[in-house]
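Reading through the structure tokens given below for one structure.
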Amino acid sequence: MTVAAEPVADTGEPVPAPAAVDTAPAAPVSRARRLAPWAVLVVGVLALQAAFASATFPARLDTTFSDPLDRLARWAQSNRRTHPLFTGFFSPLTRALTWALDSVQGLLEWLPWFVLPAAVGLLILVRTRSRGQAAVAVAVTLYPGLVGLWPETMATLALMTVSVVLCVVIGAPLGVWCAFRPGVERVVRPVLDAMQTVPAPIYFLPMLLFFGVGPVAGAFATVIYALPPMVRLTTLGIRQVPGEAVEASTMFGASGRQTLLKVRLPMALPAIMTGISQSIMMALGIVVLAALLASGGLGQVILEALRQRATGRGLAAGLAIVAVATVLDRAARAVAQTDRTRWLGRRPALIALGALVAAAVAGRLAGSVAFPGVAETTLFDPVDSGVVWVRDNLSWFTRPVNDTIVGDVYVPVRDFLTGTVAWPVLVAVPAWLAWRVKGWRLAVFTAAAVVTMGLLGWWADSIDTLTQVAAAVVLSLAVALPLGVWAGTSTRVEAVLGPVLDTLQTLPSFVYMIPVVNWFTVGIVPGMIASVLYAVVPGIRITALGIRQVPTESLEASQAFGATPAQTLLGVRIPLAAPTIMAAVNQVIMMVLAMVIIAGLVGGGALGFQVINAVTRGEVGDGFEVGAIIALMAMVLDRLTQGIGQRLQPPSDR
Amino acid sequence: MSTDVAGSGAGVPLAVDGLWKVFGPRPDRALTLAADGATRAEIQAATGCTIGVRDVSFTVAPGETFVVMGLSGSGKSTLVRCVARLTDVTRGRVTLDGQDLTAMGDADLRRIRRRTMSMVFQHFGLFPHRRVIDNVAYGLEVQGVAKADRQARAAEVIEVVGLGGWAQHYPQQLSGGMQQRVGLARALAVDPKVLFFDEPFSALDPLIRRDMQDELLRLQRAMPRTIVFITHDFAEAIKLGDRIAIMKDGAFDQVGTATELITNPATDYVREFTEDIPKAKVLTAAALMTPMAPGAEVPHDPTGAGPGGARTVAAGAAVETFLPVLLDGADTLTVVDADGRAVGVLARTDVARALG
Ligand SMILES: Nc1ncnc2c1ncn2[C@@H]1O[C@H](COP(=O)(O)OP(=O)(O)OP(=O)(O)O)[C@@H](O)[C@H]1O
Ligand SMILES: [Mg+2]
């Protein structure tokens with residue numbers, strides 16, 4: 001053979017054998033191999049179904065965990081004033097936080113109404129010299145007063161300020177510590193991950209145990225929920241400081257502390273600021289839920305609006321929450337703005353401060369403290385009447401949609417799964433899938449998770465919730481994937497979708513639940529629609545990103561072979577974007593799961609309702625169990641979808 | 001330039017003795033293997049450890065510029081970081097002005113760093129959140145010098161490196177060359193006795209690089225400091241270095257003056273570096289001549305056209321300046337020192353061999 005004489009052989013590289021020789025004889029074997037798992041599945045399902053056809057799930061551990069937890073809750077209830085754990089730790093903590101919340105809120109209420117907008121505007125002006133930004137901030141600060149929500153907004157602002165400050169005070173040092181000690185990070189990181197997978201209301205339960213109902217529990221729940229981005233981004237920022245800058249500092253004889261304070265932290269500041277921004281956004285996301293713990297403020301307004309189906313007022317309060325977050329974010333950015341070239345001089349800054357204090361005193365003396373009365377009803381009246389009009393005139397559409405989803409899809413599927421299918425089948429099928437996707441470890445974990453749902457006595461509710469989740473996920477994907485692909489291929493579509501998605505993402509999801517409840521009445525449908533609205537946002541965004549990231553070279557290659565746009569899309573773009581699209585699916589599922597509890601507020605029933613019940617009635621035992629089940633669902637679905645995503649990666653990246 | 005700005009003391013001696021640096025999980029096994037003569041690649045394969053520096057020894061006299069050069073990955077940065085104790089050394093000793101840096105605790109090391117040594121970095125290592133003047137004043141700030149004093153001193157040094165008028169700018173507002181001047185000013189501001197340079201000019205374009213080299217030579221003439229200078233550019237090494245070490249796979253292949261390396265390369269690796277150098281520009285008459293005893297007879301040159309039949313050349317003259325004379329037909333030249341005394345003889349064949 002002449003090939004041997006070629007330089008290829010000289011370099012010692014193995015000459016690739018012709019592929020056909022290798023695989024042809026192996027083909028029958030591999031076909032048998034391919035089919036074996038399916039055979040296992042079919043035979044297993046049939047056998048299990050036959051053996052357990054009418055067995056109900058043995059809820060062996062129904063009371064094993066919930067009873068002691070309930071006892072613990074009762075114990076906490078009755079010993080709150082006496083036991084050293086409370087008198088020595090939680091009570092002082094509660095008092096300190098109550099004091100902080102009350103002082104901030106007291107100060108905000110004591111100040112004449114115009115001082116806060118002026119202070120925000122001046123702060124931004126002094127630190128950035130940007131008149132436009134200052135004007136926008138003033139307008140945003142004034143907005144809640146204009147719609148008649150000033151006192152509630154001050155309460156929420158106080159809660160968010162205290163929570164975000166606590167987040168920074170706890171999160172920044174923790175982040176720095178993680179950056180220096182990989183050992184610490186190994187412990188902290190999984191905890192943070194867990195904090196982000198567990199739906200927020202579940203932390204409410206321990207908060208209730210330790211702090212009782214009230215704003216303090218709400219503040220702590222908010223801190224826990226908003227902490228992860230703060231810690232992560234601080235760690236990242238510290239790590240990203242170039243080694244040369246740190247070495248330069250060391251070379252000049254700086255101590256570790258000097259280097260940290262003079263070089264590392266200032267250079268990490270942009271990342272830390274992003275962390276603060278994200279924490280503020282997270283805190284904003286939980287304000288309404290925190291109202292379940294009677295923390296008052298705008299969250300309370302929204303919950304009431306939901307109960308009264310007052311869309312206009314709910315929207316007004318939702319926008320006020322967004323305003324609070326925006327103002328906090330802008331103020332934090334202005335404070336952290338370190339580019340001194342954009343600062344106003346010291347003297348104008350002092351004059352501004354003096355004027356502000358003078359205005360505050362003058363305002364107090366003149367007695368103009370409360371926000372001047374505004375006819376709150378006028379602004380959002382059209383919204384309410386629009387919603388009512390739709391309800392009255394489009395029922396020919398909403399009614400059948402509601403009935404189809406409930407009567408033709410949800411109820412039959414739920415009844416089939418809980419009534420007809422034997423429970424071991426529902427354990428075996430997900431486990432089999434997990435095994436195919438990621439191997440036996442995930443299969444065991446999945447099976448254990450599903451069995452846990454039944455053992456704890458929540459089998460029917462879990463299946464019910466999973467049915468709703470599946471339906472919402474399917475609906476979300478049916479909307480998100482095509483739109484995402486479209487947005488990924490067309491800049492114009494993306495530009496149009498952008499603001500819509502931004503609004504959906506920032507407005508508390510309760511707000512768009514109110515009209516939906518109006519139209520579809522309480523039941524599973526409003527929750528499902530709210531979940532879809534919430535989940536399509538990352539679904540569309542990430543899909544569009546994946547489509548857009550496909551290398552132009554690949555597309556041009558496809559075009560060069562004369563492929564039509566449709567061929568290029570189906571043959572090149574979508575396959576290459578598949579791993580990213582799978583990440584979108586993963587996010588959609590996670591978002592829908594996060595909405596399960598909120599859906600429980602508007603008649604979604606099942607697990608979501610149980611959590612709400614547990615939080616509002618203090619049924620700690622049930623709450624913990626259900627919370628654990630939702631967290632388990634999240635973990636299994638997260639790993640499964642991530643596993644599928646990894647299998648879709650091109651081999652070289654694996 | 002005032003002597004105050006240039007600095008008060010001359011350099012101090014630096015000695016490095018048997019220095020090793022091993023990265024990785026099992027340094028002792030790597031050292032044992034290395035002692036048996038295993039190569040860097042073999043040690044890497046066997047232990048997963050990378051030999052960064054391999055048994056390096058050298059001394060730098062006060063006021064001397066010692067250049068270390070080698071290809072990327074040869075361990076230059078690792079060496080200078082070990083010498084500056086920015087990383088711990090695995091084995092060996094670094095002595096600065098009689099004090100053993102390797103055995104020193106953190107507090108003592110900080111004291112030495114504040115008073116005695118400084119470093120200029122390849123990517124400048126500036127602090128983007130500080131103005132130029134606060135960057136330059138950093139070393140003094142760390143020492144606890146009062147703000148007014150350190151700013152005054154920083155302003156002086158900024159003038160010295162030619163950045164007058166830029167003190168209030170931020171580093172990102174400056175060009176690369178100017179940024180490195182800030183790096184240089186920052187190092188000079190603490191009036192160090194020893195300066196470490198890790199490829200300080202590699203990121204600059206050629207014209208600016210030449211400016212910076214001239215700047216450094218000027219500063220060094222005004223106030224000689226002990227310098228360890230890392231580069232991968234042989235021309236730069238020749239221009240700045242009193243002596244040059246060629247580094248390969250963590251070890252020194254050869255240490256010597258530029259002439260020694262060019263005329264007498266110890267290994268092929270060294271020869272490769274010197275090959276592209278315009279030797280006629282670098283080599284001097286003194287480097288190539290055959291020395292003769294003081295007062296010996298100047299040999300007669302039959303083809304000589306000059307006075308006395310022999311042509312003379314100054315000891316420090318570069319080959320290119322007298323090459324035309326040799327090409328004109330002169331077989332030998334008499335090398336004379338500054339006082340006109342003959343110190344050696346230069347044959348045309350010697351020059352031809354050196355340039356070949
Ligand atoms: N922290 C480290 N951990 C492990 N290996 C390292 C570390 N730092 C350097 N090395 C290795 O040591 C060897 C020498 O690296 P060094 O940075 O000293 O090279 P260099 O000569 O400065 O190269 P360059 O010209 O690219 O700067 C390289 O093989 C590098 O991979
Ligand atoms: Mg280097």
Side-chain angles (χ1 to χ4, degrees), chain A residues 11-12 127-129 172 176 179-180 182-183 186 233-234 236-276 332-346, chain B residues 77 80-81 83-87 106-131 134-145 150 168-173 179 182-183 186-190 192 194-200 203:
Chain A
T11 60
R127 298 289 286 209
T128 66
R129 286 197 199 175
V176 170
F180 286 110
R186 266 197 297 279
L233 281 154
T234 305
L236 184 74
I238 295 282
R239 290 242 169 91
Q240 274 177 346
V241 172
E244 276 198 356
V246 173
E247 283 187 340
S249 178
T250 312
M251 232 10 236
F252 284 108
S255 63
R257 198 186 137 88
Q258 282 175 319
T259 302
L260 179 66
L261 293 180
K262 289 173 192 284
V263 175
R264 283 195 149 116
L265 279 177
M267 285 178 79
L269 197 62
I272 296 177
M273 271 323 293
T274 312
I276 295 179
R333 269 172 203 286
V335 170
Q337 209 283 106
T338 48
D339 180 358
R340 282 163 195 265
T341 54
R342 287 170 57 199
W343 288 6
L344 218 55
R346 176 173 281 196
Chain B
S77 295
V80 79
R81 274 168 178 70
V83 174
R85 276 298 310 278
L86 284 171
T87 60
D106 279 350
D108 286 336
L109 207 51
R110 266 204 299 281
R111 186 175 45 77
I112 294 265
R113 283 185 176 137
R114 288 180 181 185
R115 301 243 181 92
T116 326
M117 45 189 199
S118 241
M119 185 152 166
V120 179
F121 295 86
Q122 178 169 3
H123 303 289
F124 321 143
L126 298 180
F127 308 129
H129 59 290
R130 292 169 159 251
R131 290 164 198 276
D134 296 321
N135 263 286
V136 174
Y138 185 78
L140 299 166
E141 181 180 331
V142 161
Q143 293 174 19
V145 175
R150 66 181 190 240
Q168 298 303 318
H169 286 71
Y170 283 88
Q172 311 88 282
Q173 297 172 300
Q179 290 191 23
V182 177
R186 185 176 62 175
L188 292 175
V190 294
V194 185
L195 267 170
F196 299 108
F197 289 83
D198 186 5
E199 301 200 32

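The sequence lines fix the lettering, A, B, ..., with proteins before strands; numbering per chain opens at 1.
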When every non-hydrogen atom of B:Arg114 is compared with those of A:Ser255, the smallest separation belongs to NH2-N, 4.3 Å
Could you pull out the closest heavy-atom pair between A:Gln258 and A:Gly253, with the gap in Å?
OE1-O, 4.1 Å
Part of [X] within contact of chain A (heavy atom distance under 4.5 Å):
X: B:Gln143; answer: neither
X: B:Phe124; answer: backbone
X: B:Leu126; answer: backbone
X: B:Arg130; answer: side chain

For B:Arg115, look at atom CZ and say whether over 12 heavy atoms of other residues, nucleotides or ligands are found less than 6.0 Å away.
no
Is it true that the NZ or CZ of B:Arg186 lies under 6.0 Å from the centre of B:Phe127's six-membered ring and within 45 degrees of the ring axis?
yes
